[in-house]
Amino acid sequence: MASRNPTRQDATLNDGNSFSPLMLASPSSMINQIKFEDEPEVKDLFITVDEPESHITAIETFITYRIATKTTRGEFDSSEFEVRRRYQDFLWLKSRLEDAHPTLIIPPLPEKFIVKGMVERFNDDFIETRRKALHKFLNRIADHPTLTFNEDFKIFLTAQAWELTSHKKQGPGLLSRMGQTFKAVASSVRGVKNRPVEFTELAEYVEAFGQKISVLDKVSQRILKEQKDYYEEMKEYGPIYTLWSASEEDLVDPLRGVAGCIDKCCKVTEALNSKLSNDLIPIIHEYVLYSETLSGVQRRRDLIQAELDAKVDALVKQKADKDVLKEEIEKLEDKVECANNALKADWERWKKNMRTDLKDTFLNMADSRISHYEEVVFHYEV
C-alpha cells in the first residue's frame with residue numbers, strides 16, 4: 001500500500017487544516033491561557049441509561065428512560081441517584097448547556113423521530129438505538145472537563161420529576177428566546193467584520209468534514225441494507241440444497257454439506273451485520289450530527305463578535321455617551337476573548353476525540369470484515 005505524502009498542502013480531515021488553538025493566544029492575557037488541564041484523571045461520575053418504559057396518556061405516547069448515577073463527588077447530596085427522563089428533558093438539558101456555554105461543543109442528541117412514520121418511534125430497535133445514543137450523550141457530558149460541573153446537568157441527574165418541572169420554569173421566557181433568535185438572524189444578515197482567520201479556517205474545515213461524513217453515513221447505510229438483503233437471500237438459498245439432496249441419492253452428502261456450509265455462513269454474516277448496525281453506523285451518524293453542532297457553535301461565536309462590531313461602529317458614529325459605549329466595548333472584548341478561547345480549547349479536544357473514535361471504529365470494522373471472510377473460507381474448505 002502506498003504511503004501518504006506528508007508534504008501535501010491541501011486541507012484534509014487528516015491534518016485538520018491549518019487551524020491551531022494557539023494562534024490567538026496572547027502572553028499578556030490570563031484568559032488566553034485557558035486549557036482543559038483540570039480534566040480529572042480518575043473518573044468520579046458514572047451514568048447509565050436503561051429500562052425504557054412506554055407511557056400512554058389521553059394526548060400523547062412517549063418513552064421514559066431510567067437514569068442511574070453513581071458518584072464520589074462532594075457536591076452531590078448522595079452517592080447514588082435514580083430518576084426517569086423523557087426525550088424532551090434531554091432537549092432541555094442540551095439547550096441549557098448551549099445557553100451557559102455558547103462556544104463549547106455540546107454533544108449531539110439523536111433526532112426526535114424517524115420520518116417514515118409514528119409507529120417506528122416505538123418499535124424495539126428504535127427505542128434501543130435511542131437509548132444507546134442518550135447514554136452516550138450523558139456520558140460525553142460527564143467526561144467533559146467543563147460541562148460535567150454544570151449545575152443544570154447535576155439537576156438533570158438528581159432532581160425528581162416535579163423538581164425538574166419547577167426548575168424548567170425558571171429558564172428564559174419565550175420573548176427572551178425570540179430576542180436571541182432575532183439577534184442571530186440580524187447577525188447572519190449583517191455578517192462579521194473582524195472574524196479572526198483561525199475561525200474562518202475552522203468553518204471551512206467543519207464544512208468539508210460535514211460533507212465527507214455525510215457521504216460516509218449514506219454509503220454505510222446503503223452497505224448495511226445490501227448486507228441485510230444478502231443475508232435474507234442466503235437464508236433461502238441453503239434449504240434448496242437440502243431439498244435437492246432428497247431427490248439425488250448420489251449427491252446426498254455433498255448437497256447437504258453445501259447446505260450446512262451456507263447455514264454457517266448465514267450466521268457469520270448476521271454477526272457482521274450486527275457489527276455494522278451497532279458499531280459503525282451509530283458512530284458515523286453521531287459525527288454527522290456533530291458537524292451540525294459545530295456549525296451552531298460557530299454561529300454563536302459570530303453573534304458575540306457581531307455585538308462587539310456593532311458597538312465599535314456606534315462609537316465611531318456617535319458623539320455623545322462615548323464613555324458608556326467604551327465601557328460596553330471593554331466588556332464585549334472580554335466576552336469575545338473568552339468565547340474564542342473556550343472554542344479553541346474545546347475544538348482541539350473534540351478533534352482529538354473524533355479522530356480516536358473514527359480510527360478505532362474503522363479498525364474494528366476492518367478486523368470484523370477479515371474475521372468474517374476467514375470464517376466463510378474456513379466453512380467452504382472444511
Side-chain angles (χ1 to χ4, degrees), residues 21 30 33-53 63-110 128 130-168 170-171 278-279 282-283 286 290 293 338 341-357 360-361:
M30 290 300 294
Q33 306 309 315
I34 293 177
K35 292 182 180 179
F36 292 139
E37 294 175 349
D38 58 343
E39 190 166 357
E41 295 182 2
V42 180
K43 189 174 178 67
D44 56 5
L45 186 62
F46 301 87
I47 304 170
T48 303
V49 179
D50 58 14
E51 297 183 12
E53 288 184 1
I63 307 296
T64 64
Y65 302 84
R66 185 183 77 129
I67 315 296
T69 303
K70 294 184 179 181
T71 182
T72 56
R73 293 184 186 176
E75 63 265 27
F76 285 80
D77 297 332
S78 177
S79 60
E80 295 187 17
F81 296 88
E82 183 177 312
V83 296
R84 297 202 70 85
R85 299 286 182 254
R86 58 183 297 184
Y87 183 77
Q88 289 181 358
D89 300 325
F90 286 85
L91 286 175
W92 169 83
L93 174 60
K94 184 172 184 290
S95 176
R96 295 291 288 176
L97 291 174
E98 288 173 347
D99 289 344
H101 309 281
T103 55
L104 291 185
I105 302 169
I106 312 300
L109 280 169
E128 177 60 13
R130 171 170 283 186
R131 183 200 65 77
K132 290 178 179 178
L134 297 177
H135 176 88
K136 178 170 284 188
F137 169 75
L138 293 182
N139 279 277
R140 285 201 185 276
I141 295 172
D143 292 339
H144 192 284
T146 300
L147 300 177
T148 188
F149 298 108
N150 178 273
E151 185 64 21
D152 288 309
F153 182 47
K154 176 185 172 185
I155 290 170
F156 178 91
L157 296 176
T158 62
Q160 294 304 309
W162 67 269
E163 294 175 308
L164 184 64
T165 300
S166 176
H167 188 73
K168 284 181 178 181
Q170 300 172 17
N278 296 322
D279 298 341
I283 287 290
E286 181 187 22
Y290 255 126
T293 296
C338 287
N341 283 281
L343 175 52
K344 287 187 292 179
D346 214 21
W347 166 249
E348 286 302 306
R349 180 182 179 278
W350 176 86
K351 194 162 56 173
K352 179 181 177 181
N353 289 342
M354 175 269 291
R355 288 173 174 169
T356 299
D357 284 347
D360 290 347
T361 299

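Of the inter-residue distances, the one linking R349 atom CZ with M354 atom CE reads 13.5 Å to the nearest 0.5 angstrom. Distance CH2/W350 to CZ/R355: 9.0 Å, rounded to 0.5 Å. Within the model, atoms CG of L93 and CD of E98 stand 10.0 Å from one another, a figure rounded to the nearest 0.5 Å. A distance of 8.0 Å separates CD1 of I106 from CG of N150, quoted to the nearest 0.5 Å. Within the model, atoms CD1 of I105 and CG of L343 stand 6.0 Å from one another, a figure rounded to the nearest 0.5 Å. Atoms OG1 and CD1, from T48 and I67 in turn, are 9.0 Å apart once rounded to the nearest 0.5 Å.
Shown here are the side chain to side chain contact (heavy atoms under 4.5 Å, CB included) partners of D279, two or more places apart in sequence or in another chain: K275. The side-chain hydrogen bond (donor to acceptor under 3.5 Å, both in side chains) search around N139 returns H135, not counting sequence neighbours. Q88 meets the side-chain hydrogen bond (donor to acceptor under 3.5 Å, both in side chains) test with no other residue; sequence neighbours excluded. Looking at residues two or more places apart in sequence or on another chain, you find no side-chain hydrogen bond (donor to acceptor under 3.5 Å, both in side chains) involving E51. With sequence neighbours left out, the side-chain hydrogen bond (donor to acceptor under 3.5 Å, both in side chains) criterion links R131 to E128.
For the pair R85 and F90, the cation does not sit on the ring face, since its NZ or CZ is not both under 6.0 Å from the ring centre and inside 45° of the axis.
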For a side chain to side chain contact (heavy atoms under 4.5 Å, CB included) check, start with the C-alpha distance between T69 and T158, then their side-chain angles and the critical distance, and finish with the verdict.
CA-CA 8 Å; T69 303; T158 62; over 6 Å; no
When you look at K136 and I283, which way does the side chain to side chain contact (heavy atoms under 4.5 Å, CB included) test go after all the steps?
CA-CA 10 Å; K136 178 170 284 188; I283 287 290; 3.0 Å; yes
Evaluate L164 against W92 for side chain to side chain contact (heavy atoms under 4.5 Å, CB included), listing each step before the verdict.
CA-CA 10 Å; L164 184 64; W92 169 83; 3.7 Å; yes
Report the C-alpha distance between F81 and L157 in whole Å, list the side-chain angles of each, state the deciding distance to 0.1 Å, and finish with yes or no for side chain to side chain contact (heavy atoms under 4.5 Å, CB included).
CA-CA 7 Å; F81 296 88; L157 296 176; 5.9 Å; no
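For V83 against A159, the heavy-atom pair with the smallest separation is CG1-O, 3.3 Å. When every heavy atom of E82 is checked against every heavy atom of R66, the shortest pair comes out as OE1-NH1, 3.0 Å. Counting all heavy atoms, side chain and backbone alike, S78 lies closest to T71 at O-CG2, 3.8 Å.
Proximity of a side-chain donor or acceptor of T165 to a complementary backbone N or O of A161 within less than 3.5 Å is detected. The main-chain N or O of K352 is found under 3.5 Å from a side-chain atom of T356 such that the two form a donor-acceptor pair. Remark: side-chain polar atoms of T64 are not paired, donor with acceptor, to backbone N or O of R86 under 3.5 angstrom.
Heavy atoms of other residues, nucleotides or ligands lying less than 6.0 angstrom from NZ of K94 number more than 12.
A 4.5 Å side-chain heavy-atom check between F156 and D89 finds at least one atom pair inside the cut-off. At least one side-chain heavy atom of L109 sits less than 4.5 Å from a side-chain heavy atom of L91. Counting heavy atoms from C-beta outward, R130 and P52 have side chains that stay 4.5 Å or more apart. Side-chain contact between Y290 and D357: absent, with no pair of heavy atoms (C-beta onward) separated by less than 4.5 Å. At a threshold of 4.5 Å between non-hydrogen side-chain atoms, the residues H144 and L104 count as touching. Inter-residue side-chain proximity for L45 and F76 is flagged as met; some heavy-atom pair is nearer than 4.5 Å.
For residues 148-164, the set of pairs meeting the salt bridge (charged side-chain N to carboxylate O under 4.0 Å, His left out) definition, not counting sequence neighbours, comprises R96-D152.
Using a 3.5 Å distance cut-off with no hydrogens or angles, the side chains of T148 and R73 do pair a donor with an acceptor.
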